[in-house]
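In what follows, chains are A, B, ... by sequence order, proteins preceding strands, each numbered from 1.
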Number of protein chains: 2
Amino acid sequence: MMSDDAPVPRKPARPRKARIAEKMPSRTEKVHEALRQAIIEQRLAPGARLPEDTIGESFGTSRTIAREALLRLSVEGLVDLLPNRGAFVANPSLDEGRDVFVVRRGLERMVVKQLAGQLSASQIEELGRMLEQEELAGASNESEAIRLAGEFHLRLAEMTGNRLLIRYLTETVSRCSLVLTIYGRPHSVDCGIDEHRQIIEALIAGDENRAADLMETHLSKVAGRALLECRKTESLQDVLTAFARRID
Amino acid sequence: MMSDDAPVPRKPARPRKARIAEKMPSRTEKVHEALRQAIIEQRLAPGARLPEDTIGESFGTSRTIAREALLRLSVEGLVDLLPNRGAFVANPSLDEGRDVFVVRRGLERMVVKQLAGQLSASQIEELGRMLEQEELAGASNESEAIRLAGEFHLRLAEMTGNRLLIRYLTETVSRCSLVLTIYGRPHSVDCGIDEHRQIIEALIAGDENRAADLMETHLSKVAGRALLECRKTESLQDVLTAFARRID
DNA sequence: ATCTTGCAAATTGCATACAAGCGAGAGATC
DNA sequence: GATCTCTCGCTTGTATGCAATTTGCAAGAT
């Protein structure tokens, strides 16, 4: 329950207009975001069971809230919802992982195409700052570097102002993170900083085709590094599902 | 409330084994799909209120189901969910509409890029058949023509086999339909059949760049026809919301 | 000893009950 | 007479209870 505030029989002075504020990260949103973070930060392993009761108790709410959060996550593709069986952290196959990267490449292509030559001075400055942070964290802090790299791409998308594009890219980046936790190597992301810099330069120069190509190359490298080299983690899960399907 | 419970339609006799299949369009799915159809077919006007009770009673279920369906629809962007206020059929602004079309163009570009030169004989045949149907319906049946045109794009996406791409394009096409019901003219879609044919030809020829360009042109035309020419329908809605916002 | 078969525990699906928030109209005050 | 306030009703937010389904385990049969 919320805190019982001090006994205030009369509200002192209320602004006449009720705040239409979009401020309502109701419990559902909180749980949703918490689970999302937990998943993409690999605190919850792919394939892990996510019982409604447990989640509800963990966050001090009822199953209703947990259920809603899980539904949202399933729409985002971060959890699989099996009828009458429950929710599980998504465990995409290698092929599905590749598909996600394909879509992400296309989305990021849209982003840079729209942004090329359109960046304001403050935006350019902000991107420069992010780049510095990336370099700073790159060597020392592994997970921080990953987070910053992801944020760079997201920030870029936000600069387009296209809400739908932002949403799709957010989702896709999350799913890419998940895919990388399964099939990627620990240090498969940190080498892209210089590529980020080049992309920014192309964007500033207004060369949309070069920016688009750089972005595609960049992402292909990330995907390639992750998805082609390391297959032992994959084979286990993949072979199993393959056989399960064949039996049926 | 539900007054008389009709005699429970017992399922006659379920086949022995529950199909592992994804076959479980539980009530939620059904309501979700029904509402989706109702919205994109303009049976529910943009901005219309969607009370949980009413939906539940209409479908013979409780609010729980209606609520879930509405949540899904809000994720898809077909309904707006206002905290403590309820659900409304989405009423996107002109700018938002344009953004949706931008994303759709990019997604369809991905589709044709992937499909160029990769179509099987049966797929080519199927596309040809769809084209015929479109021509048949084009002149006589207006709404059917619109439906078929949308289905053509969707079918194309399905042929990529990329689940995520399919989902995003499905969503985006739905939202485009919604945008067109607000800002489009009744006959703003029917003239694209020949463009469809050209796209297929480019796909068969394996000329991915030409296919991509054709698709972009095609969609730009659709968007342009709808969003640029006809603004009287728009001005009404838009001015109202603008003023409503200003008053607040 | 292994495979089948049925029962029990756990978990989801769904509905309903209760609490809280917003909006509208009646009443009071200036 | 107009405006402000307070209360009432309707709708949403959340919790919980019950039925249905699945899974694991154990006991029996071959």
Would you jot down, in residue-number order, the residues of residues 66-74 of chain A having a non-hydrogen atom under 4.0 Å from DNA chain D?
-> none
Any chance you could lay out the salt bridge (Lys or Arg N to Asp or Glu O under 4.0 Å) test for B/E33 and B/R36, step after step, and finish with the verdict?
-> CA-CA 5 Å; B/E33 188 55 25; B/R36 203 179 77 84; 3.3 Å; yes
Take the protein atom CD of B/E29 and the nucleotide atom C1' of C/dC14, then report the distance between them rounded to whole Å.
-> 15 Å
Rounding to a whole Å, what distance do you find between A/E57:CD and D/dT14:P?
-> 18 Å
Distance below 4.0 Å between A/R27 side-chain N/O and D/dT14 OP1 or OP2 | yes
Qualifying residues under ring-ring contact (aromatic ring centres under 6.0 Å, His included), relative to B/F59, sequence neighbours excluded | none
Identify whether the distance between the nearest side-chain nitrogen and carboxylate oxygen of B/E171 and B/R167 falls below 4.0 Å.
-> yes
Verdict with supporting geometry, A/E126 and A/R129, salt bridge (Lys or Arg N to Asp or Glu O under 4.0 Å) | CA-CA 5 Å; A/E126 183 186 352; A/R129 249 183 290 124; 5.8 Å; no
Closest nucleotide among C/dT12, C/dA15, D/dT12 to the A/D53 side chain | C/dT12
Before giving the answer on side-chain contact (heavy atoms from CB on, under 4.5 Å), spell out for A/V31 and A/L70 the whole-Å C-alpha distance, their side-chain angles and the decisive distance to 0.1 Å.
-> CA-CA 9 Å; A/V31 175; A/L70 288 173; over 6 Å; no
Give a yes or no on whether A/R163 atom CZ has more than 12 heavy-atom contacts from other residues, nucleotides or ligands under 6.0 Å away.
-> no
Check: residues 40-51 of chain B side-chain donor-acceptor pairs under 3.5 Å, at least two apart:
{"from": "B/R49", "atom 1": "NH2", "to": "B/R85", "atom 2": "O", "distance (Å)": "3.3"}

Round to the nearest Å and state the distance from A/L82 atom CG to D/dT21 atom P.
-> 17 Å
Rounded off to whole Å, could you give me the CD1-to-P distance for the A/I55 and C/dT11 pair?
-> 12 Å
Using the salt bridge (Lys or Arg N to Asp or Glu O under 4.0 Å) rule, collect all pairs that involve residues 172-181 of chain B, keeping only residues at least two apart or in two chains.
-> none
Between the protein and nucleotides 17-20 of chain D, list every N/O to N/O distance that falls short of 3.5 Å.
{"from": "D/dG17", "atom 1": "O6", "to": "A/R63", "atom 2": "NH1", "distance (Å)": "3.4"}

For B/F88, what residues pass the ring-ring contact (aromatic ring centres under 6.0 Å, His included) criterion, not counting sequence neighbours?
-> none
Any A/R85 side-chain N or O less than 4.0 Å from OP1/OP2 of C/dG13 = no
Earlier contact from the 5' end, DNA chain D, for B/T64 and B/E52 | B/E52
